[in-house]
Amino acid sequence: MAEAMMKKTAVHGSHHGHGGHDHHDHHEQEEMKTFGFWLFLISDVILFGVLFATFIVLRNNTAAGPTGGELIEMTGIIISTFILLTSSFTSGIALLEMNKGNKKGLIFWLAVTALLGASFIYLEVTEFLHLVHEGATIGTSAYWSAFFTLVGTHGLHVSVGLVWMTALIIQLSRRGITTVTKRKVNIVSLYWHFLDVIWIFVFTIVYLMGVM
Amino acid sequence: MWDKIKAFSSEFFVTGDPLILGAQVSIALTLVAIVFTLTYFKKWRWLWTEWLTTVDHKRIGIMYIISSLLMLFRGGVDALLMRVQLAAPGMEFLNAEHYNQIFTTHGVIMILFMAMPLMFGLFNIMVPLQIGARDVAFPFLNSFSFWMFFFGAMLFNLSFIIGGSPDAGWLAYPPLSGLSGSPGVGQDFYIWGIQISGIGSLATGINFIVTILKMRAPGMKLMQMPMFTWSVLSSSVTILFAFPILTVTLFLLFIDRYLGAHFFTLDGGGNPMMYINLIWMWGHPEVYIVILPAFGIFSEIVATFSKKKLFGYKSMVFALMSISFFSFFTWAHHFFTMGSGADVNAFFAITTMLIAIPTGVKVFNWLFTMYRGRLSFPTPMLWTVAFIPCFVVGGMTGVMLSVAPADFQFHNSYFLIAHFHQVLIGGVVFGYFAGLYYWWPKLFGFKLHEGLGKWAFWFWNIGFYVCFMPQYALGLMGMTRRFNEYNFDMGWQPLNVVSTVGAFLMGIAFIFQVWQIAHSIKFLKKETTGDNWDGRTLEWSIPSPAPMYNFARLPVVTHQDDWWEKKQRKLRGEPDAPEVIAAEQAPLEPIHMPRKSGNAFIMSIFWFIAGFGFVWDWTWMVIPGLIGVAVCMLVRSFTYNTDYYIPVEEIERTEAAARGAH
Amino acid sequence: MTFMLAGCSGEYIVLDPKGPIGQDQKDLIIITTVLCLVILVPVLIMTAVIVWRYRDRPGSTAAYKPNWEHNTKLEVTWWTIPIIVIVTLAIITAIYTYRLEPSKPLASDKEPITIQVTSMDWKWLFKYPEEGIATVNYIKFPEDVPVRFQLTSDMAMNSFWIPQLGGQIYSMSGMAMTLYLQADEPGSYYGSGANFTGKDFAQMTFTADAVSEEEYQAWIDEVKATSPALTIQDYEDMRTPGTSDVKSFSSFPEGLFEHIVTQYVEDGAANPHAHHGVDKKQDEADSGNGDND
Amino acid sequence: MANHTNHAAHEQHDEHGGHGSIKAYVTGFLLSIVLTIIPLVAVMNDMFSKQATTVLILVMAILQFGVQLLFFMHIRDEKKPRFNLIALIFGLIIMLTIVAGSIWIMTYNQVAT
Ligand code: HEA
Ligand code: HEA
Ligand SMILES: [Cu+2]
């Protein structure tokens, strides 16, 4: 926004013509968007906090049905954990490529990240199907309601991230690395790291403590 | 076939009650009339380009305010209906089911669809002007927020004529609100109406935090911001942390109902108490979300009409921030009687009381702003002065409620009802009215008729005390809330009659306000100075109503109450600081503005469609709704051409017209 | 508010306690009111005086200091005074909170009697496990003897409130809460369900009669002699939503209360919806899962 | 309090553009792997008492969170005033309050199971 730029110039009492402003202008606006997104992530922290609280409070309420420890297959979970960790890393590499100005590298690593994300989702769906097969659905007991909602909400976030990354890859290939696309990549990778963090806690609290 | 249709429509439409039938007919007639008028005067295009697609914060603000005043009317009519029933419980003016629906919708509408949007309206209109910005940080998101609120509110209100209203209380405790307690669709309307508008509220919170932190005029330090802006910041921060809790809680209730999950059900290991715990984690901060901006408004007004600087600026800021922080640590005071033991109760009782300290500091600072001032009493100031005693009494009764063992006697009684109406009406409603009267000229470029405003003021005030003071007494007489009937032996009737009279006095007050607005529009007295109250903050430095870009040149701020200081310097013949002068004399430059967009409006309609589908369990409707939402988002993501420049000539023309007027 | 108190006909039952708990709560209400008034009254007076004195009028002699915006002494004062009041209040509250913890037995040389309370849609079911009788929408107990109420709910959460004896406690399904009350003098006290449970919730008022021990015994004997027994079928019928008259029963199925508390517990494998058997899970309920006394 | 943006930082920001280096990412990645393996091994092999394991795996999760924050999300690189960090800290406090408060309150209101 124009005023953002004028803030700067006015504070310093200097006035150059407005040719050079556009860049600053956008820059400031993109920075604002990143900050706004950060705040959104914090609201998401709260959102997951509530889901975790619910899960913990209801964790013993299995209504004489199966418990998590009985049904959870850790192998798949461990694999998906490492997949997600790796994808967090590759999304960082994508960022590095972007800062080097390497559009191809950026798109490549984003694609790798998205693929890892997709395999994570695939494993998650498989796990859910396995659980349903074993007789644990969202309606089985409070424990499973909380389980599916918490894990599923995380999975939903990852899926949204996938769509978003795909859209971004298309935009990047069309427009290249600009202030705007740069900000978008920054935001998406922030989101991705955030989902990784959430997963760590899902992994610890739902799975590790579940099988303990 | 016919039978099927008949069976369906008897479930779909609310039938069988003359009151509701009347409402249905009148709503239908109003809709027809609106469509006819728009078509006849060829206003559809105007509506679309000027309003539905606007991203201008001032227009969005106006739309918020109009909708919220309509909702005040709806909620107020609900209140009057309840009061009639309670004055004469034997008459069965409303049967039990209706009564339950009405207090539920009254509570929801008043807090979520009246207080919140009125507050957002004031945020929108004033914050950018007060901090010297051309719009909010994310204008598109802002229009999205509005339309989400609007369609959420529409969805909720629809339940009145379609499907049946929710009737489990404004916070809808399960299992009553679960499938076992409320099998009808009313509760789903509740969930989706609030959910959709809640997403909008969260977005607004984020938007204003960024706006305030990142878009202040050059030179304006945080500690130089107007107090209203501070209060918006504290309220927005509270929204940011509180609304996700609401979203999740309602979502869990929804999957209980929709997918047969067992979070809050009686069977399957569900625990309804968890809902109560969660909903108040949002619910308590929510009441501070709505009161904090009112505090900000009072601070502005009290300084302006005392012709004196706000006393204790720093402690005011500190108090605001600590209230929003502590508001997250008190939620359990709403269920002291849940039997969570003395440790929990003692802890939450004490955290609750702590809030009285910063609140008290604010009260004293307002008093000492007036002290040694020169007070004048136009309507905004009248509301402010009336607020202080009213809110202090309401706050004190709040403190009495916070004493856990005493609350065992107050809980769910009319004592509680009286407490929260006193802080909600005496604090929130009075505050927003004060702000509305204060900023009206800035908003529309004309003043409101003072005489009628004073009538409204007195009716509201006297009506308030007549209505709610007896309710404290009723509480001590053991009358519980949400009773549609009571036994005459209890001796509750006389006070209930008094209370009802008070409610009608407030109804008359509201009529005065409508009249006042109509009258002022008819005998339009243009406000041409741009600074009709001799104001102190930046919004008064520009013409009324503000041009679409707000500030032709962005001001450079050097002081708290910058505009006032500037006027004082002029009086004293002192020059402004060089950077201020430089900014003022700089040549005009093209102004960068956000482009209009219909996307937010359309996306919200899709949300509405999805919500309506969820309510009726119509997957065929849910899916296109959600797909529509996703498509709108993607379209937006692929839109790069989101802003434009206003050329210098146009700015010059607009400025000349505005300045030339005086 | 005072003028209201003086002028109206109703009875302020909250302020007219007839038992130790209610008495303590009344004291507490009065203490907090006084503490609040200590601040409220000066604030109201100050408001009136300031508004009057500094109003803008021709020839006003009142001081005008447009830039006076800070005074450390004053600000410290109004941070300190509320802090002192709140600290006092906090201490008092904490003491009373522990003293009046509802599940704490009352000091008395008499053995408490137990009444098991169930809120239903929309009636109260009371059971006297020691006497083996049951009533609906009516209770009677001896004066001067602590009464141990065990509260649960058949459906939605309600709240059990006899204002003149003491404050309310929620009755919640799936758990049993405990509330001790005592009447110091004989009388007929108003009781109600204070938490909304749907359509006819307003009809859930009941009477609590405190009588002498002899009268109480006589009443028990009479109920036993003249009233019908409460069968499981009666109980199931009662579960259909609706209001009820006052009723009494000479006996009730054993473990009915425990059954109500645990009725939603699934017994696992066999049949997830078989929660109508009365006998099962009694032990668990007795051991007080969810009972916090 | 300072003005909202700092001009100098702003200028310099353009040049270095993004943050982090390959070294930081690799370190972060390795740390996160290690921090995942430790609790995994501890749990799968039942190495410690239940309580000790709980503490251990929670500590590991928190460290892991720190690693992501520092090495991947570059919370350190923020220029002053650090609104991002402040907001995050507040958010975490509220989040912890929600979790701890719910657990505390709800221990007294468990349903019979
Ligand atoms: C704008 C809304 C608003 C505001 C500002 C408040 C403010 C406060 N509220 Fe209120 N409250 C509600 C809206 C609000 N409340 C609603 C809607 C409900 C019920 C919801 C429902 O159940 O449906 C409710 C219910 C409610 C309860 C639950 C009671 C129950 O269910 O049994 C309690 C208990 O602690 C409480 C306490 C307080 C306190 C201590 C304050 C404090 O913040 C007040 C602080 C202010 C002052 C104290 C006055 C000024 C101070 C001084 C002059 C300084 C010195 C004072 C002292 C030292 C005492 N409120
Ligand atoms: C900001 C919030 C807000 C506001 C402004 C109000 C305003 C009013 N409220 Fe409300 N109230 C709540 C929030 C609010 N309330 C909440 C949250 C509940 C709890 C709900 C629950 O239990 O779930 C509640 C509950 C509640 C009850 C308790 C019901 C019960 O428990 O049984 C009562 C009873 O007197 C009441 C009365 C009133 C009255 C008389 C007004 C008046 O101020 C209204 C003023 C009137 C108007 C503005 C009318 C305008 C209309 C006209 C002018 C039309 C004229 C038509 C005719 C004369 C026919 N309210
Ligand atoms: Cu509260």
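Computed from a prediction, not measured in an experiment: that's the story for all the values here. Naming convention: chains lettered A, B, ... in sequence-line order (proteins, then strands); numbering from 1 in each chain.
Of the two parts of Leu47(A), neither the backbone nor the side chain holds a non-hydrogen atom closer than 4.5 Å to a non-hydrogen atom of chain D. For a residue to count as touching a neighbouring chain, one of its non-hydrogen atoms must lie under 4.5 Å from one of that chain's; by this rule Leu85(A) touches chain D with backbone and side chain alike. Contacts of Leu96(D) with chain A are absent, with no heavy-atom separation under 4.5 Å from either backbone or side chain. For Leu190(A), the parts sitting under 4.5 Å from any heavy atom of chain D are the backbone and the side chain alike. With a 4.5 angstrom heavy-atom cutoff, Met60(D) does not touch chain A via any of its atoms. In this structure, chain D has no heavy atom under 4.5 Å from any part of Leu58(A). If you measure heavy-atom distances from Ile198(A) to chain D, you find no contacts under 4.5 Å at all. When heavy atoms are compared at a cutoff of 4.5 Å, Phe201(A) approaches chain D solely by way of its side chain, counted from C-beta outward. Only the side chain of Asp196(A) comes within contact range of chain D, with heavy atoms under 4.5 Å apart. Ser88(A) touches chain D through backbone and side chain together, each having a heavy atom under 4.5 Å away. Contact of Tyr207(A) with chain D is not made at all, since no heavy-atom distance falls under 4.5 Å. Using a 4.5 Å cut-off between heavy atoms, Val26(D) touches chain A through backbone and side chain atoms alike.
A donor-acceptor contact shorter than 3.5 Å is absent between the side chain of Tyr25(D) and the backbone of Leu96(A). A donor-acceptor distance shorter than 3.5 angstrom exists from the side chain of His154(A) to the backbone of Leu195(A), with no hydrogens or angles considered. For the pair His157(A) (side chain) and Thr153(A) (backbone), a donor-acceptor distance under 3.5 Å is present. In this structure a side-chain-to-backbone donor-acceptor pair under 3.5 Å is present from Ser145(A) to Ile138(A).
Heavy-atom pairs under 4.5 Å with chain A were tallied for Ile103(D), Ile94(D), Thr107(D), Leu35(D); the largest tally goes to Ile103(D). The candidate with the highest count of non-hydrogen atom pairs below 4.5 Å against chain A, out of Gln64(D), Met44(D), Lys50(D), is Gln64(D). Comparing Phe194(A), Phe48(A), Phe52(A), Phe35(A) by heavy-atom pairs within less than 4.5 Å of chain D, the highest count is held by Phe35(A). Ranked by heavy-atom pairs under 4.5 Å with chain A, the list Thr54(D), Asn84(D), Thr53(D), Leu58(D) is led by Asn84(D). Across Thr81(A), Ile93(A), Thr86(A), the residue that shares the most heavy-atom pairs under 4.5 angstrom with chain D is Thr86(A). Put simply, of Ser32(D), Gly91(D), Pro39(D), Ala61(D), the one with the most heavy-atom pairs under 4.5 Å next to chain A is Ala61(D).
Between Phe148(A) and Trp144(A), the two ring planes are tilted [angle within 30° to 60°].
The OG atom of Ser21(D) sits 9.5 Å away from the CZ atom of Phe71(D) when rounded to the nearest 0.5 Å. In this structure, CD1 in Ile33(D) is found 12.0 Å from CD1 in Ile38(D), a value given to the nearest 0.5 Å. Between the CE atom of Met73(D) and the CD atom of Gln68(D) there is a distance of 7.5 Å, given to the nearest 0.5 Å.
By a heavy-atom distance cut of under 4.5 Å, not one residue of residues 103-116 of chain A is near chain D.
Annotation: Phe120(A) is in aromatic contact with Trp199(A) [ring centroid separation under 6.0 Å].
In this structure the side chain of Glu73(A) reaches within 4.5 angstrom of the side chain of His130(A), judged on heavy atoms. Using a 4.5 Å heavy-atom cutoff, the side chains of Phe55(A) and Tyr143(A) are in contact. Counting heavy atoms from C-beta outward, Ile57(D) and Leu40(D) have side chains that stay 4.5 Å or more apart.
Taking Arg59(A) as the reference, nothing meets the salt bridge (Lys or Arg N to Asp or Glu O under 4.0 Å) condition, with sequence neighbours excluded.
The 12-atom threshold is not exceeded at CZ of Phe90(D), counting heavy atoms of other residues, nucleotides or ligands nearer than 6.0 Å.
Judged by distance alone, the side chains of Thr90(A) and Ser87(A) never bring a donor and an acceptor atom under 3.5 Å apart.
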